[in-house]
Amino acid sequence: MAQPLNFGRLAAYAGLFVLGGIVGTAGALVQGGWFPGGLLLALLGAAGLFYGGARAIGTRAGAVAPAAGWLVAVMLLTASRPEGDFLFGAGLGSYAFLLGGMAVAVMCATLGQRPQPGGPAARLGK
């Protein structure tokens, strides 16, 4: 069942979008600095935010909002500047962070919702 949009819900989505951007930026910096551990830390942080957003809001959009912020931040950081500077190098860690973060976002957004306690019985007439 769709939940109505109100100011509080929109503010929560906007906050999750901003948090996604912060986690994406921090993950981009950490994954290259401490390669195996930093990559794992960056992906776990992103997964925690995506899953936590879905559970806190109670809808799949709760995972999509921070994932969109993460994606925007990471895509902006992958673009090279006119001076030739860039944040991501061409290496296994960078590609694992990009593809792994997208995979985690999809997994968290498509997880099934838990059934509500005290709901009606699955079989009618029993």
Side-chain angles (χ1 to χ4, degrees):
M1 181 188 295
Q3 297 178 356
L5 284 175
N6 56 19
F7 179 73
R9 186 170 297 277
L10 289 175
Y13 289 143
L16 286 171
F17 182 85
V18 170
L19 275 174
I22 292 169
V23 168
T25 303
L29 296 173
V30 169
Q31 64 87 21
W34 307 312
F35 170 59
L39 175 63
L40 183 62
L41 181 66
L43 290 177
L44 285 175
L49 178 63
F50 303 156
Y51 184 75
R55 293 296 165 228
I57 301 294
T59 64
R60 291 180 178 167
V64 173
W70 181 90
L71 186 65
V72 167
V74 169
M75 287 297 126
L76 287 175
L77 292 173
T78 59
S80 64
R81 297 181 38 189
E83 296 87 15
D85 299 335
F86 55 90
L87 188 60
F88 284 97
L92 179 66
S94 297
Y95 291 121
F97 177 66
L98 292 172
L99 297 175
M102 288 184 230
V104 165
V106 168
M107 283 187 269
C108 290
T110 57
L111 283 175
Q113 298 294 324
R114 289 187 234 171
Q116 296 294 323
R123 293 172 46 184
L124 298 175
K126 293 274 178 172

- Query: Does a side-chain heavy-atom distance below 4.5 Å link Val18 with Tyr13?
  - Reply: no
- With a 4.5 Å heavy-atom cut-off, do Pro66 and Leu19 have their side chains touching? no
- Query: Looking at side-chain heavy atoms only, is the closest gap between Val72 and Phe17 below 4.5 Å?
  - Reply: yes
- Heavy-atom side-chain proximity of Val74 to Phe97 below 4.5 angstrom: yes
- Message: Give me the atom names and distance for the closest heavy-atom approach of Leu43 to Gly101.
- Response: CD2-N, 3.5 Å
- Note on the structure: Nearest heavy-atom approach of Ala47 to Cys108 is O-SG, 4.0 Å
- Heavy-atom pair of closest approach, residues Ile57 and Ala12: CD1-CB, 3.6 Å
- Item | Contact summary for Gln31 and Ser94, nearest pair of heavy atoms | OE1-N, 3.6 Å
- Are Thr110 and Arg60 side-chain neighbours, meaning at least one heavy-atom pair lies under 4.5 Å? no
- Task: Write down the atom of Ala73, the atom of Gly21, and the distance for their closest heavy-atom approach.
- Result: CB-O, 3.5 Å
- Query: Are the side chains of Phe50 and Val64 in touch, meaning some heavy atoms are under 4.5 Å apart?
  - Reply: no
- Message: Any heavy-atom pair between the side chains of Leu29 and Leu77 that's under 4.5 Å?
- Response: no
- Item | Straight-line distance of Leu76 CG to Thr25 OG1, nearest 0.5 Å | 8.5 Å
